[in-house]
Structure formats: C-alpha cells, structure tokens
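Residue numbers start from 1 in every chain, and the chains themselves are labelled A, B, ... in the order their sequence lines are given, proteins ahead of strands. The model shown is predicted, which means the values in this text are computed figures rather than measured ones.
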2 protein chains.
Amino acid sequence: MYKVLLDGSKDTVTSILKDIFKNISFSNEESKLLQSKLKKSDFRKGDFLLQPSEYIDKIYYVYSGCLRSYFIDNEGKEHTLQFAIKDWWISDYISLYGNSTSTSVSYIECIKKATVYGISKKEFDIICYDYPSIGQFYIKKMEAAFATFQKRILENLTLSAKDRYLNFISMYPDIESNVKNYHIASFLGITTESLSRIRKELAND
Amino acid sequence: MYKVLLDGSKDTVTSILKDIFKNISFSNEESKLLQSKLKKSDFRKGDFLLQPSEYIDKIYYVYSGCLRSYFIDNEGKEHTLQFAIKDWWISDYISLYGNSTSTSVSYIECIKKATVYGISKKEFDIICYDYPSIGQFYIKKMEAAFATFQKRILENLTLSAKDRYLNFISMYPDIESNVKNYHIASFLGITTESLSRIRKELAND
DNA sequence: CTGATTTATTATCATAGATCAATTTTTTAG
DNA sequence: CTAAAAAATTGATCTATGATAATAAATCAG
C-alpha cells in the first residue's frame, strides 16, 4: 500500500486529492491542475521543513507523521505554536499573512517521520479564486483553525497550567505520544519542570 | 454627512460598500445583492449586539464606534477576546465556527456609540462562493486575523504583563481611550489591580 | 550492547501576579 | 450640581510557577 503511494500512479494521486480535499469532487481539469501544483515531500524526524532564513511561501498538508511549528524568542526560549498530524495544514502564518515587520524566527520541524504535500500560497490563492469549491474549502479550514486559536487564547487566560495540560492530552491524544514533554510545556507556556510536577501530581490520584 | 448616511440614498450605500470592501469593484448586480444583505444597526454604549442565549449567525462590520467581545468563565470572570473599531469585523467565532460543544457564554458589547453592518454568515458564504473577488477578500481578512491571534498567543507565552500592556497601547492607541482599565486587564489576562500597578510604575519614568 | 547525549524528575528558593480589603477618584443619573 | 454608583488605586499578604542546580531515566549512535 505504501509502495503504491510512492509510484505516483494516476489513481493514487487522485485518491490523495480526495484525502486532502475531502468531499469536494473535481473535474479532470481541476484534478490535473491540483496534482501539478501539490509537491510531495518526505521528512525524517529532526528534519526542518523550513530554515528560518528561507522565505516561506507555502502551506503544507500533513499526510502522515507529526510536525511542530515553533519560534525562538530573544532569550533563546522555544515556543510551540502548533502541532500538526494527519489531515492538518501547517505553515508560518505570521510571516505568510502578517505584515512583515516580524522579527521572530520561526521553524517547522518534523518530530515523527512525515509525508507532506506543499503548495505555493500564491498559486493556491489563484486556485481558490478560480475554483469556488476549493475557495470554500479553504475558508472553512481557516475558520476552524481560527476558532481553535481563539479557544486557546481563552484557555491561556482562564485555566491553570494543570487544567491546560489536561485539556491538551484530551484534545490531542494522538499527538502526546509523539512529542517530548518539553514540546508540550512550550506549547502550554510553562517550563518543563512545572510540567513534570503537574504530571507527578496527576499520577498520585 | 451623517444625515446623508441615514437616508439610505443609492450613492451613499454604494460608498459604504466601498468602505467595507475596499478596493473591490462590483457590478451593479453584485452591489445590489450586497446592499440587500447588509443590515445597518446602531448601538449605544452599554448595548449588547448579542444576548448569550441568542444563536449567533452573523458577522459584523464596524463602521464607527467601539465594541468588544468577551466571555464569562465558570468563576464569573470576564475575559476580553477582541476589541473592534472602524474597519474591523467582529463575531463570536467560536460558536460560529467551532464545534458546538462549547459551554462558554459569550457577549458582544458596545463600549462606544457604534454603527455596524451585519450580514448572515450563511448568506455571506454563498456570496463568497458566487463572487470570487469577495471570497478572496474574506480569505485575506481571515488570514490577517489569524496572524494577529497567533501573535497574541506568542505574546501571552513570551512577555510579562508590563510588556503586553506596552504592546497593547502601541498597537491600539485608538482603542485605549475608549475602554475601561478592567477591559484592558481582562484582554491582557491580568487583574485590574495588577494593571493599576503597572500603570503606576510606568508613570514613574 | 554500551557509553554518550538528551530528556525528565526532584528539590530549594525567588518572584510576578493573584487575592482580599480599604480608600480614593471618576462617572453617571436625576 | 449633587448623591450614588462604578472604576481605579493602594497596601498587605499569598501562591502558582519560574530559576537554578543536581540527579535519574531514557534514547541514540557506533
């Protein structure tokens, strides 16, 4: 099955489009266009999708494995913005969408052997313009991601570190097994020592 | 000028469309469609756009004034998600886009005499589908908002309360004069007492 | 399999910001 | 303009989490 994936036969590529774009049905022409724009890449644990010096102009669909995006602040501390597993999209949204005054250095790192499909954001914009169903699909994705981030802000404002951790493991049970504790800590905004204490406390119940 | 706005003459409404949708140029047909869907409302300080019991299905363009969206947690504390002034869009994104398991109660409150234009999200989705330039416009808006929220998450993870406050007043100089200190505090995720101390400290420089 | 490196845990102490309580200042309603 | 209500300030504690440092456990490379 994995072999079939790699040989890039037409059927298989079409089935990947189905995977990525779910319930959207494409004409042959649309299918071909998308196939020509989506570039498959494989990464091993520890690889970076993106060097901080590189200008990012792509968004990535995660087909398998696990990635995380993070940035390093002035004091050299890592802050995890996002984990992405199967079916998520990941990119450096701040440098892609925000005004470019950002001085922050951001990375996307593979933390579990992954296959992704990347597409140039510029080209994707044009596709969204030309094909309403794809535009609609992208809008839905963005909205869901937006709601997720808004929830996260609320949680950061509202919950204790312990409750945020509990939330995290219930929300992302699949991710937890792939990542280091310090990844989770930097996602929750606490130190790895604090997370360690929380885990101990939870174990004694 | 304000009178002209109220009489709803064709020219003026068109100019509002220009305000809302910026550099997009519409055909007569598109113009009429949008005009028929956008509903103007005026609010006075203290009014709520939205009762928490109401099901939200609209997004609002802020033409003038200032609004804020917030929610109240289990302990009765307010948490400000967003301030919106001229040219911002505001809605309850979590209940609109997130899966509806959310138990949080959220409000949109007018904190300075405001005029907004509301449009049903469902209808707007259809419009985005039918008119690529509007879809593209909306995607851009969402992406910018997304980047803003991502930045805010990073700031919450990275900066001290003092630095977040300094950021806030430099980012939103127009908003600060409209809002109560406790609004800002609840946006920054600190108590009003802490904000007071920070302000005092900053004054002694 | 083994030593080297990375990650996680634990303990002690320090501190930003919370909580509680009282007072002053500002805003609002009549 | 004035009394009442709302908001902001200040002071005295308290606490969750950070910082530092040492050790233990887990993972990795050869």
Quiz item: Once you round it to whole Å, what is the distance between C1' of D/dA16 and CG of A/L195?
Solution: 15 Å
Quiz item: Between A/D92 and A/S106, does any side-chain donor sit less than 3.5 Å from a side-chain acceptor?
Solution: yes
Practice problem: Start with the C-alpha distance between B/Y131 and B/F26, add both sets of side-chain angles, then the distance that settles ring-ring contact (aromatic ring centres under 6.0 Å, His included), and finish with yes or no. | Solution: CA-CA 10 Å; B/Y131 302 98; B/F26 298 113; 8.0 Å; no
Practice problem: Among D/dA8, D/dT10, C/dA8, find the nucleotide with the atom closest to the side chain of B/Y182. | Solution: D/dA8
Exercise. Report the residue (B/R164 or B/K45) whose heavy-atom-nearest nucleotide on DNA chain C is the more 5′ of the two.
Key: B/R164
Practice problem: Rounded to the nearest angstrom, tell me the gap between atom CD1 in B/I111 and atom P in C/dT27. | Solution: 15 Å
Quiz item: Whole Å only: how far is the CD1 atom of B/I184 from the P atom of D/dA8?
Solution: 9 Å
Quiz item: 5'-most contact on DNA chain D: A/L159 or A/K180, nearest heavy atom basis?
Solution: A/L159
Quiz item: How is A/R199 classified with respect to the nucleic acid when contacts are heavy atoms under 4.0 Å: base, sugar-phosphate, or nothing?
Solution: sugar-phosphate
Quiz item: Any chance NZ of A/K112 has more than 12 other-residue heavy atoms, nucleotides or ligands included, within less than 6.0 Å?
Solution: no
Practice problem: State whether B/F43 and B/K113 meet the cation-pi test: NZ (Lys) or CZ (Arg) under 6.0 Å from the six-membered ring centroid, and within 45° of the perpendicular axis. | Solution: no
Quiz prompt | Listed nucleotide nearest any side-chain atom of B/I190, set D/dT17, C/dG17, D/dT9 | solution = C/dG17
Quiz prompt | Within 45° cone of B/Y117 ring axis and under 6.0 Å: B/K39 NZ or CZ | solution = no
Quiz item: Is the shortest side-chain N/O distance from B/S194 to OP1 or OP2 of C/dA18 below 4.0 Å?
Solution: yes
Quiz item: Contact class for A/G189 (heavy atom, under 4.0 Å): base, sugar-phosphate, or nothing?
Solution: sugar-phosphate
Practice problem: Would you mind telling me which of C/dG17, C/dA11, D/dT9 lies closest to the side-chain atoms of B/T192? | Solution: D/dT9
Exercise. Could you work out which one of C/dT19, C/dT9, C/dT12 sits closest to the side chain of A/R197?
Key: C/dT12
Exercise. Rounded off to whole Å, could you give me the NZ-to-P distance for the A/K162 and D/dT15 pair?
Key: 16 Å
Self-check item: Distance in angstrom units between A/E193 CD and D/dA24 C1', rounded
Solution: 14 Å
Quiz item: Rounded to the nearest Å, what distance is computed from the CG atom of residue A/N181 to the P atom of nucleotide C/dA8?
Solution: 4 Å
Practice problem: Select base, sugar-phosphate, or nothing to describe what B/T191 touches, counting heavy atoms under 4.0 Å on all strands. | Solution: base
Self-check item: Atom pair distance, as rounded to whole Å: CG in B/N156 and P in D/dT17
Solution: 15 Å
Exercise. Take the protein atom OH of B/Y165 and the nucleotide atom P of C/dA16, then report the distance between them rounded to whole Å.
Key: 19 Å
